[in-house]
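This chain uses plain numbering: 1 for the first residue, then up along the sequence.
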Amino acid sequence: MDQHLYTTKGPAPNTVLWRPREGSSVVLKESDYQPFSQVVRTLHIRDALDICAENMIAPKPIHSVSTLKATVLHWQRSHPCRKLHVLWFSAKLDGEDEDAHEWYGNVEFAIPVSIMLQRWRNLYFVEMVQAPTQTITRILVTNADYSSVLPSYDPRTPGGPWRLTPDGRHERLVDCRRYNSKGYNRHGHVLEFMIEVTHFGMRKILDEVTISFRNHHLALSGDPHVCHRFGKTFTCLTPFIKDKSSHLFFKEHHRLIGRQPMATPRLSPSAEVFRQSFLAAEKIPRNVLQVQAPPPLSEHDFPPLGAPGQGIIIINELVQNQLLNGEVRQSQLVLGFGQKNEFSIITDSIWKPDKEEEQEKVIMKLRRHRPNKMQPPPLPHAPPSGYPPIPPPPCYPPPGFPPLPPPPGFPLPPPPSFPPLHLPPPPMCQPPMFQHSWAPLQPISWRRQN
């Protein structure tokens, strides 16, 4: 009989964790072996951007039903895998339909299986998961030694869920036998890899991955097996086809790359086509995936003060119209993470463009411009010939007093080659005017339009 490891509690059918007995085979027929050359990890757009922003793929503790889950091993305090953190990858068949719906997300990170075996040397057979409709095989890939608690896995041994042929080709089973050869898999067999990485490895792994885009457009259909993360809750934020997903990814990556270092993984040939389409549509130079230093501030970063009695708005180029009270209303926002619910706001405006009651407005006001009472009236032009000269302002030193020295920072007089302006010098008692000061900025407020 096969080795029983764990059975979930609750009403039938239960999930059974098991390993085949030593020397036994899980192969139903030889044709079930199909080749694969990559292991992949597919995520939603926001998670993929987080990886690029953090410049690493951070491992996480095991939350799925597993014999290595912390709650299962809580009674074995000396178990070496008790606090294991891993990266989940799965074997992707060669020639798989790239247009099929992917229930894990929009952005696919792929690593060649040959590179995986070069970077990690130990393979351990964790378990086979007999779910109600399919079977999952899990292999722990690590450089640590867990031979005291886990059996080693050799893909060159025949009869296993993953095999390495003599000519160097990797193959996995698309269907396998179930626990004690009872029942059948309606949805076949899946091969998963649990990769343990170090703090150095979680950053270096980005040097090996290649990015592709997948369709995730059925995530809100309500059907089973459409969104692994959000299920049937109708809360998936990126239910898009891969054309739309790629455009959103590149647009946000390009926006963030000027503000912080962003990882720039390699692109697959299909992803490179989407990138070229994005650059052409947005009229952006072809450096969207190159780390750039933040551009220096210019006069465009400092908007001028408005006329008296009017509010001033500072906002991006997506402004639709300005109201009389100084507010600006917009229908879409740039993809960002400034607010907790900003991502849902953006996606609602993208895939629900007719939902006007959920349009958002972002307002950032400057204080009303109030004329300075000490500021003298604007100086007229040069007086016509025959008119007396313009008297100096009353704050000038009275006649007979020595003139005050010019304060530091005033511009030098024009060169002699320039004609005289026939204007009196600026008043000495005029307070400094900061026409480009950010001091009167008000905090950003978010309000939902009813």
Grab the two heavy atoms, one from L173 and one from G160, that are nearest each other, plus how far apart they are. CD1-O, 3.9 Å

Yes or no on ring-ring contact (aromatic ring centres under 6.0 Å, His included) for W18 and H4, after CA distance, side-chain angles and deciding distance? CA-CA 5 Å; W18 61 286; H4 177 268; over 10 Å; no

Does NZ or CZ of R172 lie under 6.0 Å from the centre of the six-membered ring of Y33, at an angle within 45° of the ring axis? no

Do you know which two heavy atoms are closest between P161 and T137, and how far apart they sit? CG-CG2, 3.4 Å

Could you walk me through whether W120 and F193 pass the ring-ring contact (aromatic ring centres under 6.0 Å, His included) check? CA-CA 12 Å; W120 291 274; F193 295 93; over 10 Å; no

R19 side chain to V126 main-chain N or O, any donor-acceptor pair under 3.5 Å? yes

Thinking salt bridges, do K92 and E98 make one under a 4.0 Å N-O criterion? yes

Should we say atom CD of E22 is surrounded by more than 12 heavy atoms from elsewhere, each under 6.0 Å from it? no

Carboxylate-amine/guanidinium contact D2 R177, below 4.0 Å: yes

What one should report as the nearest heavy-atom pair of H217 and H101 is N-ND1, 3.6 Å

Pairwise distance CG(L248) to OG1(T238) - rounded to 0.5 angstrom: 8.5 Å

Does N122 have any side chain to side chain contact (heavy atoms under 4.5 Å, CB included) partners at least two apart in sequence or in another chain, and if so, which? Y124, T142

Worked check of salt bridge (Lys or Arg N to Asp or Glu O under 4.0 Å) between E108 and K242: CA-CA 11 Å; E108 180 183 272; K242 53 186 178 182; over 6 Å; no

Hey, could you give me the CZ/CG distance between R138 and L17, rounded to the nearest 0.5 Å? 7.0 Å

Between T7 and N14, is a side-chain hydrogen bond (donor to acceptor under 3.5 Å, both in side chains) present by the stated rule, with each step listed? CA-CA 7 Å; T7 301; N14 304 102; over 6 Å; no

Tightest non-hydrogen contact, residues K29 and V27, listed as O-CG1, 3.5 Å

Selection residues 59-74 - residue pairs positive for side-chain hydrogen bond (donor to acceptor under 3.5 Å, both in side chains), sequence neighbours left out: S66-E127, T67-E127

Mind running ring-ring contact (aromatic ring centres under 6.0 Å, His included) on H44 and F230 for me, showing each step along the way? CA-CA 11 Å; H44 288 75; F230 300 100; 5.4 Å; yes

Under 3.5 Å, is there a donor-acceptor pair between the side chain of T8 and the main chain of T15? yes

CG of D32 to CD of Q34, rounded to nearest 0.5 Å, is 8.0 Å

Measuring from R119:CZ to I195:CD1, what's the distance to the nearest 0.5 Å? 12.0 Å

In chain order, what residues pass the side chain to side chain contact (heavy atoms under 4.5 Å, CB included) check against A219, with sequence neighbours excluded? H216, C227, C236, P239

Dump the intermediate steps for side-chain hydrogen bond (donor to acceptor under 3.5 Å, both in side chains) on E282 and H254, then the final yes or no. CA-CA 11 Å; E282 299 289 335; H254 181 71; over 6 Å; no

Donor-acceptor pair between R178 and N185 side chains, under 3.5 angstrom: yes

I51 versus L43, closest heavy-atom pair with distance: CD1-CD1, 3.3 Å

With under 30° as parallel and over 60° as perpendicular, where do the rings of F274 and F213 fit, or are they tilted in between? perpendicular

Over all atoms of both residues, closest heavy-atom pair of L218 and S221: O-OG, 2.7 Å

Polar contact flag, side-chain donor to acceptor under 3.5 angstrom, T133-H187: yes

Only counting residues at least two apart or in another chain, list the ones meeting side chain to side chain donor-acceptor pair (under 3.5 Å) with R203. none

When you measure from the side chain of N215 to the backbone of I241, do you find a donor-acceptor pair of N or O atoms at a distance under 3.5 Å? no

Are any of the side-chain nitrogens in R229 or D47 under 4.0 Å away from the carboxylate oxygens of its partner? yes

Quick one: does any side-chain atom of N180 pair with a main-chain N or O of K182 as donor and acceptor, under 3.5 Å? no

Nearest-0.5 Å distance, OG of residue S277 to CZ of residue F250: 9.5 Å

Please work out which of the three classes, parallel, tilted or perpendicular, describes the rings of H170 and F36, given edges at 30° and 60°. tilted

Got a second to check how far N106's CG is from R46's CZ, nearest 0.5 Å? 13.5 Å

Donor-acceptor pairs under 3.5 angstrom involving side-chain atoms of residues 81-90: please list them, not counting sequence neighbours.
unit_1	atom_1	unit_2	atom_2	d
H85	ND1	K83	O	3.1

What pairs with Y146 under ring-ring contact (aromatic ring centres under 6.0 Å, His included), at least two apart in sequence or on another chain? none

